[in-house]
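In each ligand, atom 1 is the first atom listed, and ligand 1 is the first ligand listed. What you are looking at is a predicted structure, and each value in this text was computed from that prediction instead of being measured.
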Amino acid sequence: KKTIRDIDVTGKRVLVRADFNVPLDEEGAIADDTRIRASLPTIRYLCERGARVILCSHLDRPKGEIVERLRLALVANRLSELLDRPVAALRDCIGPEVESAVAAMSDGDIVLLENLRFHPEERADNPSFAEKLADLAEVYVNDAFGASHRAHASVVGVPQHLPAVAGLLLEREVDAFTRILQNPERPFAAVIGGAKVSDKLEVLENIVSRVDLLLIGGGMAATFLASRGYPTGASHVETDRLDDVRRVGENAERRGVRLILPRDVVVAERLEEGASTRVVPATEIPDGRIIADIGPEAADEFSRELGRTRTVVWNGPMGVFEIPEFAEGTRRVAAALANLRGTTVIGGGSTTDAVQRFGLADEMTHVSTGGGAALTMLAGKPLPGVEVLEDAEEP
Ligand code: 3PG
């Protein structure tokens, strides 16, 4: 797989697909700029070599029309602060005004095209839209790991028209997941949590064939407990997934993988701040109570087990960590990973939010910027945005 290091970019117009899909707060300001920061190495690399850098991204999910609050000018401003140089925000991503702005660029200049999803053609992977984007540049770079599971025009259409390579973030992300999935140092553990089994089923099915140890936490533990006949109170049980969950258990057993469910859990009547909580054995969840976190004994056991591994991949929080009363299990797992002298990969989305909130992101080997893309990799499935680079024209 070729990256920007393998090509000559000096004086060239380089279209960089980034994932600037950042969370916004109620005032419409950037709530977390992790994804913007993660794209800086590629942008700096290109600028320093005198490329003319044309950035593009989506933001949120506008339905193919202009939404003022989702203009990328706010991302351009943040980028400009972080890079300490001007980043011009264009008012569209294709069309004559964009073409003339690009034609006026000098070596080392940076522009950011408008939110790609203001055009319905982006999600539809419309070929002529892709061609118009491609016409702006001489080289295409995919650095949007977080969007590479989407077969959208800017991800899979454009690279069919230009020499196309990976950016440094895309390379780092794909390498991190590939390494642990294909050649992990053992013992290798996966910690899988989150609210719903259905979001993680393909990940569970793939990961169980690769790990030595599988730890299950979060709300989805309820479906595992129910599949074994235990009462789960008012916890959300995905009844249509009970067989799938049993199959994961059987696979684990057949392969000699230890699958560990929490021994105890924190339960509450409501998943709200100030709700009254109790710690109960996971096999004795009382009527009307919902699993809100793994319990202290489970956290001890998980920490102990993780301490004996050499590689850990973690996807999905152990509880509703956004609420302080239910954050302890997630914090304990994060701490166990932070202390591990081995490889720790945080599989994106809310798990990334959690390790950042606990101030432990820097202690991990890799913290993914992808949500769905990370899940796709953990499920062992190809990313369309990466596959297309393999077939792309040689630079
Ligand atoms: C993400 O946030 O996971 C990516 O930016 C993709 O966004 P999407 O789920 O709206 O396609």
Near [X], which atoms of ligand 1 are under 4.0 Å from a heavy atom of that residue?
| X | answer |
| --- | --- |
| R150 | 8 (P), 9 (O), 11 (O) |
| D19 | 4 (C), 5 (O) |
| R61 | 8 (P), 9 (O), 10 (O) |

Q | Verdict with reasoning, L15 to R13, per side chain to side chain contact (heavy atoms under 4.5 Å, CB included) | A | CA-CA 7 Å; L15 180 66; R13 285 171 281 120; over 6 Å; no
Identify the protein heavy atom lying closest to [atom], giving its residue, its atom name and the separation to 0.1 Å.
| atom | value |
| --- | --- |
| atom 7 (O) of ligand 1 | H58 NE2, 3.2 Å |
| atom 3 (O) of ligand 1 | R35 NH2, 3.6 Å |
| atom 4 (C) of ligand 1 | G146 O, 3.2 Å |

Kindly list each side-chain donor-acceptor pair under 3.5 angstrom involving residues 289-299, sequence neighbours excluded, with atom names and distances?
from : atom 1 : to   : atom 2 : distance (Å)
D293 : OD1    : G329 : N      : 3.4
D293 : OD2    : E328 : N      : 3.4
D293 : OD2    : G329 : N      : 2.9

Q.
Using only atom types and a distance under 3.5 Å, with no angle test, would you say the side chain of D8 pairs donor to acceptor with the backbone of T10?
A. yes
Q.
Between R255 and N251, is there a side-chain donor-acceptor contact under 3.5 Å, judged purely by atom types and distance?
A. no
Q | H152 and ligand 1 - part of the residue with a heavy-atom distance under 4.0 Å | A | neither
Q | salt bridge (charged side-chain N to carboxylate O under 4.0 Å, His left out) pairs, two or more places apart, involving residues 176-191 | A | E185-R310, R186-D212
Q) Is L213 close to R308 at the side-chain level, that is, under 4.5 Å between some pair of heavy atoms? A) no
